[in-house]
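Shown next, in structure tokens, is the structure this report addresses.
The structure presented is a predicted model; accordingly, all values stated were derived computationally and were not measured. Computation of the quantities below employed the complete heavy-atom set of this structure, encompassing side-chain atoms and omitting hydrogens, waters and symmetry-equivalent molecules.
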Amino acid sequence: MPNFFTPRQNAHPCQSVRGIIQLYAKLADRAARVFLAENLGRRITGIAFYGLFFFFTALFSVAILSQAWRALALDSYKPSVPSELYDRKGRLITTFFQDQRILAPEKDIPTHLKQAFIAMEDNHFYEHAGISPQGIFRAFLINLQAGQVKQGGSTITQQLAKVVLTDQKRTFTRKIKEAALALIIDAGYSKDKILHLYCNQIYFGHGNYGVEAASQFYFDSSVKNITVAQAAILATLPSSPNRYSPIRNPHLSRARLQHALMKMVDLGFIDIQAAQKAEAEATHYYGTLNIAPTETAFGRRVDNAPYFSETVRPILEKEFGKHALYNEGLKIHTGLDLDHQKAAQDALWRGVRAQNSISRNYFFSKQLELSHEYSALLTLAQMSLNLPELNPQKRFDQYELHMNFFEEYLDPLELVNLGFGGDERMDSVLTHLRADNPFANRYLAVQGALAEIDNMTGEVTAVVGGLPFSTQNQINRAIQMERQPGSSFKPLLYAAAIETKKVTAATQFPDSPIVSIDERGDLWMPENYSSGFRGFITLRDALRFSVNTVSITVAREVGLSNVLPTIAKELYVKPQQIPYNLSIALGTHEVSPLGMARGFSHFARGGESIEPVMLKKVFDRNNKQIKDFTPVQKKEQIISAGTATIVRSLLETAVQHGTGSSVRKTGYGGYAAGKTGTTNGFRDAWFVGFNKRYTAAVWVGYDRPSLSLGPGQAGAGVAAPIWANYQSRIAAKIADEEPYLKEAELTEITFCRSNGLPATASCGEPYKELFLDDTGPETGNKIDLGENTAIDNELTISVPAPIEKKPVVKTKDFFEGDDE
């Protein structure tokens, strides 16, 4: 039995043409004999026959010549391939594509796969000149009988011409063009080259193009490792990918597989034993197949950092266009680090899920209060309106109790209360419950975000925009969302104040009640988290304990006009974008987590500016660089290096002995400097801090800004442990990296903590404080705020005469601070 797989030697492009010329010469000789025949009838018949033959031959020759330029395009043909997004270490993050195609080198395509294609698609591939006269004649008869194009009779070369060089419409004209192209392709290219192009181009169903993508999709294996059975399954697909899909129609696929194996035996590619072994293997494959019929290559697309990739995608689309991004095989290098990304995802998701189980049950205490104080009213509502029993004393799931209350009781209770004259206190309780109700949408969950930036390079090394990315959860809260940062904003304010040289870290401020009037005419009395006051404390201790009254005093006495320009520079916004209001001292200006990480990075960089780097360099499919997105780090001084060093020292104290000490309680022992933040009503929890190389910001809260995480759910207990957990996960990965903590030489003076004065020999608790040039320690409990300001012992605030009927209120527009 002949082995049809024996490749012919690469033919010279002119050999096929020479054969055609010889054929025409023979035909011309025969025609001449007929034309000269003595029998008139034979002469007329011969002239008619050969006339028609040469007429159609001439038309076909014109078709061949008209398509020659198309065939030559195969030399420069570039199949559509996905673009690839890489992290900063060259590891694949994800791919962008419309058609999933992975180009397989010729050496990776197994011989038994080529044999399977030849068996199913073109038995005489290595013998014909690009077209199969027998196949064309057979298809012609079938199509003539049907009155339409039902069968093609195409060779592998014709199929390649169809998918690459024609419009693929099923018409007789296209078939003529296809045959012409096949002849030219066969004359100009080797059989191995044609078969290699075919293997990388053909469609295999479920969005997969080419044998490598198909092999990975159907068998979870590279094509170079597939078995005879798997090769035979792939070979059944090109003729009808949807009909013979082993996922959609396993019974049809198996029958077609048996046919493919029989053909391979008939052609001598495999023996009976190999075919039986392949059939048994395929039986096992079909029996264990666990892939949904609707599964596609796009559904299998792996994305190791979806929040990040979906952030850079529109930038890439705008720069290169959709066609180039999805079809031209761009190699896109970014600043992301997959080690950091995975650790960030694990730490954030674990922390947010734990917080969600806490926050969704915090209404329980309010409902208990309601049931105790208004038991009669609840019973009346239940009986009169036939409501289900609401008894918090019973042991059943609290979440069911909450849902039962909000779905069944809230509206009827308001009606019953109104009908009995309206109890103002109960009305207030119901109003607050309705406003803060996180179960208005039973699918609403606590969310979070983490953004990290490399202090040395500016590379954004981790971006987690929330709980796992899905069709219902695509908001990148790390970059796209801005929320009030609460007390985590204070280091930015203190840096701006220290920069004016009107205050120092040792300046003592009164932690005492403040009374003011807001823009609505209401009296405002901001309080500290602990609801107590400490008397005079230094700026260091004010940040350490997150004292709100001192922050307001600093902003007011140093002057908003003096600090706002610097704060705007720290946040890379215009000064007019920040409200000219003392409330900014408590973090009312909204910022994204990435914005906060960028602002805090100045304290590690010695006050130098930093430009976040997400996209770096882009190369084409030939590895030629076509775009460099990497910004030049100009290293402008946002704040002085001395100020940055002082604030960094304050942040170290906050972690070691202040509101950020929960970082240590989690077990993280590495370098840390940072600040917690909690907004009013415990709606947002923050921690922003840095290790010796990276700055990361963590936010936790609800997407709906009005919802609370629950009483006591502050930044120190919610966000700081997530940040510390993340640091522990990456500690080993960054242990050998070069630190980037820039310091300035400053004046250092030893103080006594008990009295706030420069230490003497009798001081029992000395500590060192840092000062900028031209600044120095204060003496006694005084604030030195400039030439015209010197206040002893207490800060007296001038308050206008009270406005009638304006009660003193603790406004919800300002922040309570952090827990200690």
If you measure from [atom1] on [X] to [atom2] on [Y], what distance do you get to the nearest 0.5 Å?
X    : Y    : atom1 : atom2 : value
Q656 : T653 : CD    : OG1   : 8.0 Å
L539 : T504 : CG    : OG1   : 7.5 Å
Q484 : L586 : CD    : CG    : 10.5 Å
Y307 : I479 : OH    : CD1   : 12.0 Å
L564 : K574 : CG    : NZ    : 16.0 Å
R704 : Q447 : CZ    : CD    : 13.0 Å

Donor-acceptor check, side chain of [X] to backbone of [Y], threshold 3.5 angstrom: yes or no?
X    : Y    : answer
R477 : G701 : no
S661 : G658 : yes
N455 : A604 : no
Y494 : A505 : no
T645 : A744 : yes
D541 : R544 : no
N691 : Y671 : no
T679 : D684 : yes
W723 : A696 : yes
R605 : S609 : yes

For Q577, does the CD atom have more than 12 heavy-atom neighbours from other residues, nucleotides or ligands under 6.0 Å away? yes

So with a 6.0 Å cut-off around CD of E738, is the heavy-atom count from everything else above 12? no

Do you see a donor-acceptor pair shorter than 3.5 Å between the side chains of N476 and T311? yes

Does one side chain, of S546 or T659, offer a donor that lies under 3.5 Å from an acceptor on the other? no

Tell me, with the steps shown, if E459 and V613 meet side chain to side chain contact (heavy atoms under 4.5 Å, CB included). CA-CA 4 Å; E459 293 169 326; V613 179; 4.3 Å; yes

Taking all atoms of both residues into account, what is the closest heavy-atom pair of [X] and [Y], and its distance?
X    : Y    : answer
I722 : V352 : CD1-N, 4.2 Å
L594 : V460 : CD1-CG2, 4.3 Å
T750 : P766 : CG2-CB, 3.7 Å
P491 : F600 : CG-CZ, 3.6 Å
R483 : W686 : O-CZ2, 3.8 Å
G606 : A644 : C-CB, 3.7 Å

Do [X] and [Y] have side chains that approach each other closer than 4.5 Å (heavy atoms only, starting at C-beta)?
X    : Y    : value
I749 : E769 : no
V563 : L493 : yes
L492 : F603 : yes
F682 : V718 : no
Y740 : T457 : no
Y726 : H340 : yes
S359 : Y702 : yes
I730 : D339 : no

Are the aromatic rings of F509 and F545 close, with centres under 6.0 Å apart? no

Please evaluate residues D337 and R91 with respect to the criterion salt bridge (charged side-chain N to carboxylate O under 4.0 Å, His left out), reporting the C-alpha separation (whole Å), side-chain torsions for both, the decisive distance (0.1 Å), and the verdict. CA-CA 9 Å; D337 190 310; R91 295 170 295 189; 3.2 Å; yes

Derivation of the side chain to side chain contact (heavy atoms under 4.5 Å, CB included) call for I584 and L560: CA-CA 9 Å; I584 67 152; L560 286 175; 4.0 Å; yes

Set out, in order, the CA-CA distance, both residues' side-chain angles and the distance that settles salt bridge (charged side-chain N to carboxylate O under 4.0 Å, His left out) for K502 and E557, then state yes or no. CA-CA 9 Å; K502 293 187 175 184; E557 300 303 333; over 6 Å; no

Could you walk me through whether R350 and D346 pass the salt bridge (charged side-chain N to carboxylate O under 4.0 Å, His left out) test, one step at a time? CA-CA 6 Å; R350 177 183 176 183; D346 292 346; over 6 Å; no

For salt bridge (charged side-chain N to carboxylate O under 4.0 Å, His left out), just list the numbers for K634 and E608, CA-CA rounded to whole Å, side-chain angles, deciding distance to a tenth of an Å, and then say yes or no. CA-CA 9 Å; K634 298 178 181 178; E608 290 178 346; over 6 Å; no

Give me the one residue out of E452, Q341, R88 that meets side-chain hydrogen bond (donor to acceptor under 3.5 Å, both in side chains) with T461. E452

Side chain to side chain contact (heavy atoms under 4.5 Å, CB included), that's the test. Do V503 and I498 meet it? Break it down for me. CA-CA 5 Å; V503 299; I498 292 172; 4.2 Å; yes

Quick one, Q508 with T538, criterion side chain to side chain contact (heavy atoms under 4.5 Å, CB included). Give me CA distance, side-chain angles, the key distance, then yes/no. CA-CA 4 Å; Q508 294 201 17; T538 62; 4.0 Å; yes

